[in-house]
Structures are given as C-alpha cells and as structure tokens.
K.L.:
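Quick one: the structure is below, and I'll ask about it shortly.
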Amino acid sequence: MARTTKRRKVLRTGLLTKLLILILLAALGCQLYALQEQVEQARTEREAVFARVESLRQENDALQADIDEGCTPEKMQEIARRELGWVLPDEYVFDVSN
C-alpha cells in the first residue's frame, strides 16, 4: 500500500495584514458606537413626538366635546371673560398683577 501524504497549506499573514484588520475592526467599532448614539437620539425624539401627539389628541378631544356641546350662554360668557376681559355690570375687577 502506498502512503499518501497530505500537506496542509499554512496561510501566514504578515504584520501589515494583521494591522489592517485591526484598523478595520476599530473603525467598525467606532461606526457602531456612533450608530448606537443616533438610534438612542431617534428613540428619545420619537418618545417626545409621541407625548406631543398624545397631548394634541387630548386637546382635540376637549375641543370636539366643546363643539358637540354647542354654544351655551355660559360658554360665551367664559370666553368673553377669558379672551376679551369682559365683566358683568355688577362685578368688580381687581388687578393683582403688580
């Protein structure tokens, strides 16, 4: 029987190749870190937008309830007081802002 010898090819990398791989891994790590920060910022911004949307939704619901209720004399009086500063003839207004 004849013996067959199997030879393995040994791939030897030089110092330059190892250095290049190390630099590429370091650059990849920096990119991943930067992307992680961007993802965290986007997540924070998304939560702020969701909070704003919920606030506006509640405001819209309150406005829709006012619309559904219709125009009542009490509402008209409240708007006249709040936005126009009107008072009833028998009321006195004291300015305490100073």
K.L.:
Nearest 0.5 Å, please: how far is CG in Asp66 from SG in Cys71?
P.N.:
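If I round to the nearest 0.5 Å, the distance is 10.5 Å.
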K.L.:
Taking the side chain as C-beta and beyond, is there a heavy-atom pair between Leu28 and Leu24 under 4.5 Å?
P.N.:
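Answer no - side chains too far apart.
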K.L.:
What distance separates Leu20 CG from Leu15 CG, expressed to the nearest 0.5 Å?
P.N.:
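Here the rounded value is 11.0 Å.
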K.L.:
Count the heavy atoms of every other residue, nucleotide or ligand shown that sit under 6.0 Å from CD of Glu45, and state whether that count exceeds 12.
P.N.:
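No, not enclosed.
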K.L.:
Could you tell me whether the side chain of Val39 reaches within less than 4.5 Å of the side chain of Gln36, counting heavy atoms only?
P.N.:
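Side chain of Gln36 against side chain of Val39, heavy atoms only: no contact under 4.5 Å found.
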K.L.:
Just to verify, what does Glu83 make a salt bridge (Lys or Arg N to Asp or Glu O under 4.0 Å) with, not counting sequence neighbours?
P.N.:
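Partners of Glu83 under the salt bridge (Lys or Arg N to Asp or Glu O under 4.0 Å) test: none.
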K.L.:
Does Glu37 have more than 12 heavy atoms from other residues, nucleotides or ligands lying within 6.0 Å of its CD?
P.N.:
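Enclosed.
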K.L.:
How would you list, by chain and number, every residue that makes a salt bridge (Lys or Arg N to Asp or Glu O under 4.0 Å) with Glu91, sequence neighbours excluded?
P.N.:
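Salt bridge (Lys or Arg N to Asp or Glu O under 4.0 Å) list for Glu91, sorted by chain: Arg81.
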K.L.:
Before you tell me yes or no, could you show the steps for Arg82 and Glu78 under salt bridge (charged side-chain N to carboxylate O under 4.0 Å, His left out), namely the whole-Å CA-CA distance, both residues' side-chain angles and the distance that decides it to 0.1 Å?
P.N.:
CA-CA 6 Å; Arg82 185 182 62 230; Glu78 177 195 344; 2.8 Å; yes
K.L.:
For side chain to side chain contact (heavy atoms under 4.5 Å, CB included), just list the numbers for Gln77 and Thr72, CA-CA rounded to whole Å, side-chain angles, deciding distance to a tenth of an Å, and then say yes or no.
P.N.:
CA-CA 9 Å; Gln77 194 175 54; Thr72 63; over 6 Å; no
K.L.:
Quick one, Asn60 with Gln64, criterion side-chain hydrogen bond (donor to acceptor under 3.5 Å, both in side chains). Give me CA distance, side-chain angles, the key distance, then yes/no.
P.N.:
CA-CA 6 Å; Asn60 284 344; Gln64 187 62 47; over 6 Å; no
K.L.:
For the side chain of Ser55 and the backbone of Ala51, is there at least one donor-acceptor N/O pair under 3.5 Å apart?
P.N.:
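Checking the backbone N and O of Ala51 against the side chain of Ser55, no donor-acceptor pair under 3.5 Å is found.
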K.L.:
Using side chain to side chain contact (heavy atoms under 4.5 Å, CB included) as the criterion, list what pairs up with Val53, not counting sequence neighbours.
P.N.:
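Side chain to side chain contact (heavy atoms under 4.5 Å, CB included) list for Val53, sorted by chain: Val49, Arg57.
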K.L.:
For the CG atom of Leu22 and the OG1 atom of Thr17, what is their distance to the nearest 0.5 Å?
P.N.:
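Between Leu22 CG and Thr17 OG1, I get 12.5 Å after rounding to 0.5 Å.
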